[in-house]
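Below is one structure; the comments refer to it alone.
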Amino acid sequence: DAWDFAGQQVYYTAHSMFLTKRSVYVLIYSIVQKESDKKLRFWLDSIKAHVPKALVIIVATHLDCATNSKQVRSDLESKVDFFKDQYPTLTFVCGCAVSC
């Protein structure tokens with residue numbers, strides 16, 4: 001099964017019912033939205049609270065909107081490394097950047 005929470009705040013209270021240890025979490029964020037880091041942290045905090053040893057994949061979207069795609073990839077690697085330090089019990093499988 002796949003669950004798309006779409007980040008809609010009205011459903012935040014229901015999300016915890018679907019955060020299970022038999023899951024892989026794919027967090028998708030836009031590099032063009034300023035609130036993306038804050039939202040990523042919200043989801044990582046929520047996942048960590050319910051599934052401390054979860055597998056997490058981080059995907060950056062809108063690579064085609066970037067003026068320097070190499071810099072975006074480098075920033076994503078740095079972000080994943082930072083999150084590994086901040087959330088040591090979570091396992092970050094990978095980080096990738098895509099166009100859409």
Side-chain angles (χ1 to χ4, degrees):
D1 294 333
W3 299 98
D4 177 3
F5 295 126
Q8 296 171 341
Q9 202 167 16
V10 68
Y11 298 113
Y12 280 4
T13 56
H15 292 158
S16 63
M17 294 186 303
F18 301 98
L19 300 178
T20 66
K21 61 183 172 184
R22 293 182 51 182
S23 300
V24 174
Y25 296 90
V26 181
L27 301 180
I28 301 171
Y29 76 98
S30 170
I31 63 168
V32 297
Q33 292 182 350
K34 294 181 181 181
E35 293 291 316
S36 290
D37 281 356
K38 182 179 175 184
K39 290 177 182 178
L40 276 175
R41 286 191 181 97
F42 167 83
W43 284 107
L44 289 169
D45 288 339
S46 185
I47 292 166
K48 181 182 172 188
H50 293 91
V51 189
K53 296 184 179 184
L55 297 174
V56 178
I57 298 170
I58 297 178
V59 178
T61 64
H62 296 82
L63 183 62
D64 53 330
C65 296
T67 54
N68 186 341
S69 61
K70 286 184 180 181
Q71 183 62 47
V72 170
R73 292 178 200 279
S74 176
D75 291 347
L76 176 59
E77 285 181 31
S78 297
K79 188 181 301 272
V80 170
D81 288 342
F82 173 78
F83 288 145
K84 284 179 181 177
D85 289 340
Q86 295 296 306
Y87 301 91
T89 63
L90 298 178
T91 301
F92 291 88
V93 179
C94 69
C96 59
V98 296
S99 298
C100 47

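Reckoned from all heavy atoms, side chains included, excluding hydrogens, waters and symmetry mates. Quick caveat: nothing in here was measured; it's all calculated off a predicted structure.
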Taking atom CG of Leu55 and atom OH of Tyr25, what is their separation to the nearest 0.5 Å?
-> 9.5 Å
Euclidean distance, Ile47 CD1 relative to Leu27 CG, rounded to 0.5 Å = 4.5 Å
Applying side-chain hydrogen bond (donor to acceptor under 3.5 Å, both in side chains), which residue pairs with at least one partner in residues 83-96 are found, sequence neighbours left out?
-> Asp45-Tyr87
Just by modelled atom types, is the Ser30 backbone N or O under 3.5 Å from a matching donor or acceptor in the Ser36 side chain?
-> yes
Which residues pass the side-chain hydrogen bond (donor to acceptor under 3.5 Å, both in side chains) test with Lys48, sequence neighbours left out?
-> none
Separation of Lys79 NZ from Phe83 CZ (nearest 0.5 Å) | 5.5 Å
Leu19/Ser46 under side chain to side chain contact (heavy atoms under 4.5 Å, CB included): CA gap, chis, key distance, verdict | CA-CA 9 Å; Leu19 300 178; Ser46 185; 3.4 Å; yes
Step by step, would you call Arg73 with Leu63 a side chain to side chain contact (heavy atoms under 4.5 Å, CB included)?
-> CA-CA 9 Å; Arg73 292 178 200 279; Leu63 183 62; 3.0 Å; yes
Expected output: side-chain Ser78 to main-chain Ser74 donor-acceptor under 3.5 Å = yes
CD-CD1 distance between Glu77 and Ile58, expressed to the nearest 0.5 angstrom = 12.5 Å
For His62 and Ile31, work out which heavy atoms get closest and say how close.
-> O-CD1, 3.3 Å
Taking Thr61 for the side chain and Tyr29 for the main chain, is one N or O donor matched with an acceptor at less than 3.5 Å?
-> yes
